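In listed order, ligands and their atoms are each counted from 1. Computed from heavy atoms alone, side chains included, the values below leave out hydrogens, waters and symmetry copies. Note that this is a predicted model, so its numbers are computed, not measured. Positions are given from 1, in the same order as the sequence printed here.
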Amino acid sequence: MKNLLEKGTKCLVVQSEFSAFSYWNYVDICKLVGAKYPAAPLGLMTVAALLPQQWEFKLVDANVEPLLNEHFEWADIVCTGGMLPQQQSMFSIIDKAHQNGCSVVVGGPDPSSQPYLYQSADYLVQGEGEITIPLFIQDLGKGCKNGEYKSVDKADMTKAVVPRFDLIRFQDYIQVGIQYSRGCPFNCEFCDIIELYGRKPRTKTPEQVIKELQTLYDLGYRGHIDFVDDNFIGNKKNVRKVLPVIREWSETNNYPFYFSTESSINLADDENLLQMMQDVDFRYVFIGIETPEAEILKLINKSVNINIPIGKAVNKIYSYGLIVNAGFIIGFDNETDQTAENMLKCIQDSGICMAMLGMLYALPDTQLTRRLKKEGRLFEDGSTLRETHTEIDQMTSGLNFITARPRIDVLKDYVHVIKYIYEPKRYYERATYTGLHLKPDYKYSPTFGRMLKLAKAFSKLCVKVGFNKTTGWLYWKMILTVMFKNPRAIEATVNLAAMFIHFHKMSKFIVDLTTKEIESIEKCGEKKYNQLMFQEYRNSHAHKKSLLTEV
Ligand code: B12
Ligand code: SF4
């Protein structure tokens with residue numbers, strides 16, 4: 001057998017597939033701007049940079065192109081990885097690679113959280129690749145045919161490598177990610193990030209960030225860069241150091257990029273930081289708002305959100321030109337019959353268009369999962385996805401435990417809020433609100449070729465939404481209002497209007513799916529439902545839907 005450490009070893013790196021029905025997979029919007037998928041596979045580009053550079057690499061992203069037998073025939077070794085929703089796709093990649101006689105290496109968040117599910121892989125590399133990939137390479141050198149690698153230590157981000165951005169086709173994606181930090185200082189009960197990456201945020205140096213930006217620039221990439229940090233402002237001291245350096249670099253290079261990221265809501269308290277972010281052209285920030293109810297926030301230990309008036313905080317962020325994209329959750333223990341009303345009022349009043357309302361999901365290895373297990377309420381010890389068409393993300397598969405309130409009430413509240421916020425009139429009201437309050441000061445301007453593409457996308461959008469019976473009037477009213485009252489926010493507002501195409505489709509899908517679930521529970525009764533769920537997860541054979549139809 002070939003010594004895999006040799007020069008010329010062919011390494012196939014495969015990004016496993018996400019469901020097209022996820023909130024995050026706005027493929028219709030991608031098509032509108034000529035891309036195929038929202039985000040590039042940063043984890044695997046990083047892995048490729050950590051593997052022996054004398055190898056020959058081919059990266060296939062199953063979300064943008066079909067994964068073919070000939071890809072496996074070409075390869076000596078296959079690397080794949082991913083998160084929970086990619087589980088089934090990863091299993092199938094492992095099988096296909098074996099059928100083609102390739103060794104398989106798996107890693108990433110799900111194999112790290114639930115390594116027992118991936119025992120069929122030859123090499124199981126857990127945790128942060130910066131630490132465990134060298135252990136794997138060491139074993140390859142010794143001729144080991146399999147192995148499992150983990151580490152209790154966290155990676156030193158100041159030693160992180162530049163991802164192999166050269167392995168992808170930029171035009172396939174709307175955005176490319178880079179990572180500045182890992183970890184978050186807070187301690188929310190449901191969060192897996194602090195378990196996987198720790199509560200002490202570790203950052204790269206400003207020089208490392210610039211090196212990554214420069215690499216992307218030299219490879220010809222321009223446009224949207226997403227800082228995929230767990231909490232970009234987790235280490236505020238360091239963020240204050242990196243932003244001016246990015247600004248200087250951007251200025252020198254004529255602002256080739258604009259940015260988005262994730263942050264905790266206390267960003268709104270820090271006008272100086274907001275200004276620094278606006279100065280380098282940050283345009284979007286994802287914030288975990290979860291719930292407007294203080295009592296729930298206390299229960300789930302989301303201390304950073306307690307006593308923050310959400311509408312005011314969002315407005316403050318809008319005033320620095322950043323659109324707030326937020327996560328909300330239904331299914332916490334001390335919710336009441338007022339929860340749905342409080343939730344929809346919070347979303348509507350703050351004008352948050354991109355509201356990802358999910359059902360609480362006890363992710364593997366979190367404080368929440370441990371508590372629910374102790375209380376005998378967790379359906380399954382770990383998370384295996386069986387039905388890829390319905391178990392996609394927190395919007396379609398949540399509540400993997402016995403809820404404190406009757407499950408039907410939680411699900412009905414969920415449907416009620418989703419229907420409300422994604423009703424066209426309400427969505428466009430929020431888009432208009434955002435358009436009127438946003439104070440952008442965009443620095444990046446697209447090239448002429450890109451402008452043409454965007455103009456084409458805009459005209460397609462006008463046809464699709466502007467000449468549509470349901471949305472036409474709302475769309476033009478929004479455009480005219482923003483154009484006259486706050487013209488500099490028009491580009492951002494049009495983008496929000498485009499996103500409605502995705503949200504409208506998604507919300508219908510979620511409402512249908514959840515309504516079916518409600519009907520099933522009504523048919524069999526909640527007690528029986530819970531019994532079936534426990535039974536199903538224990539047997540781990542049939543899917544819950546098939547059990548329910550037997551009732
Ligand atoms: C950016 C991000 C997203 C983006 C994804 C963009 C994309 N396509 O890449 C978006 C916003 C779309 C997203 C959505 C979701 N995400 Co997300 N996401 C992240 C986040 C913040 C960063 C991911 C990243 O790029 N990291 C940087 C790279 C360098 O790290 P990495 O991928 O982990 O790779 C390293 C190691 O894992 C390892 N590795 C990875 N792959 C492999 C493969 C091999 C062979 C080897 C050896 C090693 C290895 O080496 C790398 C270097 O250290 C992580 C948290 C985090 N800190 O990682 C959550 C995270 C991955 N997401 C998670 C989840 C649950 C989701 C959602 C289901 C729900 C949600 N949180 O919204 C959805 C579903 C998405 C869908 N499409 O259906 C969980 C996964 C938990 C799990 N056990 O699987 C995480 C860990 C945290 C969280 N709760 O959000 N996410
Ligand atoms: S603020 Fe976000 S990342 Fe930080 S612990 Fe809470 S949920 Fe996790």
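Distances between N or O atoms of Trp24 and those of ligand 1 include at least one value under 3.5 Å. Taking any N or O of Glu130, backbone or side chain, at least one lies under 3.5 Å from an N or O belonging to ligand 1. When only interatomic distances are considered, the shortest N/O to N/O separation between Asp226 and ligand 1 does not fall below 3.5 Å. For ligand 1, the polar-atom distance check against Asn25 finds a nitrogen or oxygen pair separated by under 3.5 Å. Taking any N or O of Leu84, backbone or side chain, at least one lies under 3.5 Å from an N or O belonging to ligand 1. Residue Ser22 has at least one nitrogen or oxygen atom sitting less than 3.5 Å from a nitrogen or oxygen atom of ligand 1, judged on distance alone. Residue Met356 places no N or O, backbone or side chain, under 3.5 Å from any N or O of ligand 1. Not one N or O of Asp229 is nearer than 3.5 Å to an N or O of ligand 1, by distance alone.
A heavy-atom separation below 4.0 Å is found between Ala40 and ligand 1. Distances shorter than 4.0 angstrom occur between a heavy atom of Pro85 and an atom of ligand 1.
Listed here is the closest heavy atom pair of Leu399 and Ile330: CD2-O, 4.0 Å. Looking at every heavy atom in both residues, Ala97 comes nearest to Val104 through CB-CG2, 3.4 Å. Of all heavy-atom pairs between Val242 and Pro206, the closest is CG2-CA, 3.7 Å. Between Ala35 and Asp172, the shortest heavy-atom contact is CB-O, 3.7 Å. Looking at every heavy atom in both residues, Ser89 comes nearest to Glu17 through OG-N, 2.7 Å.
The ligand atoms of ligand 1 that sit less than 4.0 angstrom from a heavy atom of Gly127 are 36 (C), 37 (O), 38 (C). For ligand 1 and Thr46, the ligand atoms under 4.0 Å from any heavy atom of the residue are 29 (C), 52 (C). Remark: ligand 1 atoms within the under-4.0 Å shell around heavy atoms of Val125 are 47 (C). The distance from ligand 1 to the heavy atoms of Val105 drops below 4.0 Å at these ligand atoms: 45 (C). Residue Leu44 approaches ligand 1 through these ligand atoms, each under 4.0 Å from one of its heavy atoms: 43 (C). In summary, the atoms of ligand 1 found under 4.0 Å from a heavy atom of Glu128, numbered by their order in the structure, are 53 (O). Each of the atoms 83 (N) of ligand 1 lies under 4.0 Å from some heavy atom of Ser113. Listed by number with element, the atoms of ligand 1 under 4.0 Å from a non-hydrogen atom of Gly129 are 38 (C), 50 (O), 52 (C), 53 (O).
The proximity of Arg182 to ligand 1, defined as any non-hydrogen pair under 4.0 Å, is limited to the side chain. Residue-level proximity to ligand 1 for Thr80 is carried by the backbone, the only part with a heavy atom below 4.0 angstrom. Counting heavy atoms under 4.0 Å from ligand 1, residue Tyr197 touches it through the side chain alone. Both the backbone and the side chain of Met83 come within 4.0 Å of ligand 1, judged by heavy-atom distances. Contacts with ligand 1 closer than 4.0 Å are made by no heavy atom of Thr132, backbone or side chain. Counting heavy atoms under 4.0 Å from ligand 1, residue Val228 touches it through both backbone and side chain.
With Ile193, Leu51, Ile133 as candidates, the residue nearest to atom 90 (O) of ligand 1 on a non-hydrogen basis is Ile193. The residue from Ala49, Ser112, Gly107 that puts a heavy atom closest to atom 42 (C) of ligand 1 is Gly107. Nearest to atom 40 (C) of ligand 1 by heavy atom, out of Ser16, Cys79, Pro109, Gly108, is Gly108.
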Test side-chain hydrogen bond (donor to acceptor under 3.5 Å, both in side chains) on Ser22 and Ser19 and set out the steps. CA-CA 6 Å; Ser22 167; Ser19 163; over 6 Å; no

Could you please spell out the steps behind the side chain to side chain contact (heavy atoms under 4.5 Å, CB included) verdict for Trp74 and Glu56? CA-CA 11 Å; Trp74 170 86; Glu56 203 182 316; 3.7 Å; yes

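Note that Arg222 lies in the cation-pi zone of Tyr217, set by a 6.0 Å cut-off to the ring centre and a 45° limit from the axis.
A salt bridge links Asp333 to Arg377: at least one charged side-chain nitrogen sits closer than 4.0 Å to a carboxylate oxygen. Classification of Arg202 and Glu130 as a salt-bridged pair fails, no side-chain N sitting under 4.0 Å from a carboxylate O.
Aromatic pair Tyr361/Phe190: centroids not less than 6.0 angstrom apart. Between Phe91 and Tyr118, a ring centre-to-centre spacing shorter than 6.0 Å is recorded. Aromatic ring centres of His224 and Phe257 lie farther apart than the 6.0 Å criterion allows.
Classified by interplanar angle (parallel below 30°, tilted 30° to 60°, perpendicular above 60°), the ring pair His502/Tyr26 is perpendicular. Aromatic ring orientation, Phe232 versus Phe282: tilted (interplanar angle from 30° to 60°).
Here the options are Trp24, Phe328, Phe503, the test is side chain to side chain contact (heavy atoms under 4.5 Å, CB included), and the partner is Met356; only Trp24 passes.
To the nearest 0.5 Å, atoms CE (Met533) and CZ (Phe379) are separated by 5.0 Å.
Of all protein N/O/S atoms, those under 2.8 Å from atom 6 (Fe) of ligand 2 are Cys188 SG, and waters are not counted.
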